[in-house]
Each structure stands twice: as C-alpha cells, then as structure tokens.
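First the structure, in the form of structure tokens, and then the observations on it.
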Amino acid sequence: MKISEALRKERQDINLKQKDMIKNLAISKSHYSQIEHGKHRIYAEDLLKMLADNNIDYHHFFDEVAPSYGFRNDNSELQKEMSQAFYEADVKKAEMLKDKILQQNFPMEYKLHALLIVAELKKTKLDAKTQKEILQLMVSQNDWTKNRDALRIFGNAMKYFDKSVRRTLMQSVLRTYKRIDNFSDEEIIRVATICVNYLFNVDDKHDFNNTEVKQIFLLLQSLEPIPAFLMYKSLGKFYSAVSKDRKEHAKEIKDSLKLAGYTEIAKRLVI
C-alpha cells in the first residue's frame, strides 16, 4: 500500500474530512487531495505531524506502507507467528520462534514478548531480572499507554506483576482509552485484548467488584457489534456472567466460542 492510499484509508477509518486531516499543517485542501490521489508527494515532517495530530498509530501506518517501498518486516511476521503459536497453545513452535528471536538483533520488546509467551504456555515463572526489565521498558516511555510495544508487553506480562501494580497500570490504560470509539480498529483490538487478559488474571471473585473491572465490562460492552470485535465482546460477557455467578450463561458463551473455532481460548475459561 502506497502512502497516498494509506492516508486515505486511515482518514476514512476515523471518519475525517480532508480538511480535518491537515488542520494544523500549511497544506491546502486541494494539495492534500492530490496527495491522497498519488499526484503530489508529502514532506516527511508533514506526514509525521499529520499522524500525530490525528492520533494515527505510526507503527501500524509504516508497517502497512513499508513493503511497497522495498522494506521487509521480518519482525512483524515473527510476532504474528508467535501470537498464532500462543493461541494454538503450540509450545514447540513458540520455543523455536523464541530461540530465533533471542539469537537475532531484534528490539528488546520482541525478546521480552517471546519470553513471556513461552513462560505462559509452559506455566513457568519469569526470573526477577526479566520482570524488572519488563517494568522498566514500559515506564521508560513518555506515555507507555500509547506505545504499541509497551501495551503488548503489559497484556502478556500482567500476571507477573503484583496485584496492586497490575491494577494501577490497568487504570492508566483505561484512562487513556476511555472514549474507545475515537481510536482505530487496530488500537481498539489491542486495548480489548489487554482488557480480556486482565479479566483472565482475576484470581479472586471479589476483585470483579473493583472499579477497573467494571470499567472493562463497560468498555467491552460498548464495542461495535462487528465481526472484528465479536470475540472480545463475547469474552466480556463471559466474565460478566462469571462475576454474577450465572454459570449456565457463562457455559453457553464458552460453548459458542468452541463452535466458532476458538477451542484453545475456550479451554482456558474457568467457570
């Protein structure tokens, strides 16, 4: 996908008019229209400012356009494979991918993510050094709740944090994404995944009464009823039923997830 095509797609995804995309830039509407049609180029500084002004995830944006300009994103592909191995509970594949990531010159976020997934699948603990590195990586960001890699790591590492730390971090995420409908589908899925992981790690039924859990239920319930969000809405309803001791309802949702092909996820759901 070319930059012109990606800009048009991002603008349409967040329901903005062309004039809104360039509200803080010295670019005319007619000139920007030509940019979207691939007839004019855009300066790098203007592009980056446009993405920032409109809260567009620059990681996702450049992942989309990079292949069109000759870049290979092996990192992204390995991450996708690792996520697939996790959802399929394929320990052997996850181990192989982890070794590959650790042996190559990958960013620290990728390495920690790989360690977390394998630890989760093998039901093993992380050493204190790795736990410290994870927390430091997250809080070292200017605003970690808006950083894709920091959010991904939090989603996978939260079970290793002290409960009070986990609550504080989750509350920060919920404050940032309070108006979830203002974000892109990719960002919504990222946050919804974190919300579901948080519910999965609630180990005391009384914790379902905590403020952040109630906010999570509301957030998941508010997601649009479209296929991309179906699993997250279903899991939100499952945990809501569990919190209210509605076992039959929870079982119905669990069975429907199995029928939809989410067998490994359903296995992890405890009623």
For residues 201-221, the salt bridge (Lys or Arg N to Asp or Glu O under 4.0 Å) pairs (sequence neighbours left out) are Lys163-Asp203, Lys163-Asp207, Arg167-Glu212, Lys205-Asp245
Residues 22-46 vs salt bridge (Lys or Arg N to Asp or Glu O under 4.0 Å), sequence neighbours excluded, gives Arg11-Glu36
Any Lys/Arg nitrogen of [X] or [Y] sitting under 4.0 Å from an Asp/Glu carboxylate oxygen of the other?
| X | Y | result |
| --- | --- | --- |
| Glu248 | Lys251 | no |
| Lys98 | Glu95 | yes |
| Glu64 | Lys9 | no |

Supply the atom-to-atom distance [X] [atom1] to [Y] [atom2], rounded to the nearest 0.5 angstrom.
| X | Y | atom1 | atom2 | value |
| --- | --- | --- | --- | --- |
| Glu88 | Thr263 | CD | OG1 | 10.5 Å |
| Gln171 | Leu169 | CD | CG | 9.0 Å |
| Ile194 | Arg152 | CD1 | CZ | 10.0 Å |
| Lys19 | Ser33 | NZ | OG | 14.5 Å |
| Lys244 | Phe217 | NZ | CZ | 8.0 Å |
| Thr145 | Phe154 | OG1 | CZ | 10.5 Å |

TODO: For Asn197 and Thr193, run side-chain contact (heavy atoms from CB on, under 4.5 Å): C-alpha distance rounded to whole Å, both residues' side-chain angles, the deciding distance at 0.1 Å, then the answer.
DONE: CA-CA 6 Å; Asn197 284 354; Thr193 300; 4.1 Å; yes
>> Could you check whether atom NZ of Lys146 has more than 12 heavy atoms from other residues, nucleotides or ligands sitting under 6.0 Å from it?
In response: no
request  = Give me the ring orientation class for Tyr177 and Phe183: parallel if the planes are under 30° apart, tilted from 30 to 60°, perpendicular past 60°.
outcome  = tilted
Check whether any side-chain heavy atom of [X] sits under 4.5 Å from a side-chain heavy atom of [Y], and report yes or no.
| X | Y | result |
| --- | --- | --- |
| Leu257 | Leu235 | yes |
| Gln215 | Met170 | no |
| Val242 | Val202 | no |
| Leu51 | Phe62 | yes |
| Leu97 | Ile117 | no |
| Glu120 | Lys159 | yes |

Would [X] and [Y] show up in the same hydrophobic cluster when neighbours are defined by side-chain heavy atoms closer than 4.5 Å?
| X | Y | result |
| --- | --- | --- |
| Ile271 | Phe208 | yes |
| Leu47 | Tyr58 | yes |
| Leu259 | Phe238 | no |
| Val191 | Ile188 | yes |
| Leu218 | Ile189 | no |

Check whether [X] reaches the backbone of [Y] with its side chain - one donor and one acceptor, N or O, closer than 3.5 Å.
| X | Y | value |
| --- | --- | --- |
| Asp13 | Ser184 | no |
| Lys233 | Pro225 | no |
| Asn54 | Ile56 | no |
| Lys237 | Ile253 | no |

Nearest heavy-atom contact between Cys195 and Leu220 is CB-CD2, 4.2 Å
Taking every heavy atom of Leu121 against every heavy atom of Ala85, the minimum-distance pair comes out as CD1-O, 4.1 Å
Next item on the list: Would you kindly check if the NZ (Lys) or CZ (Arg) of Arg268 is within the cone defined by 45 degrees around the ring axis of Phe86 and under 6.0 Å from the six-membered ring centre?
Entry: yes
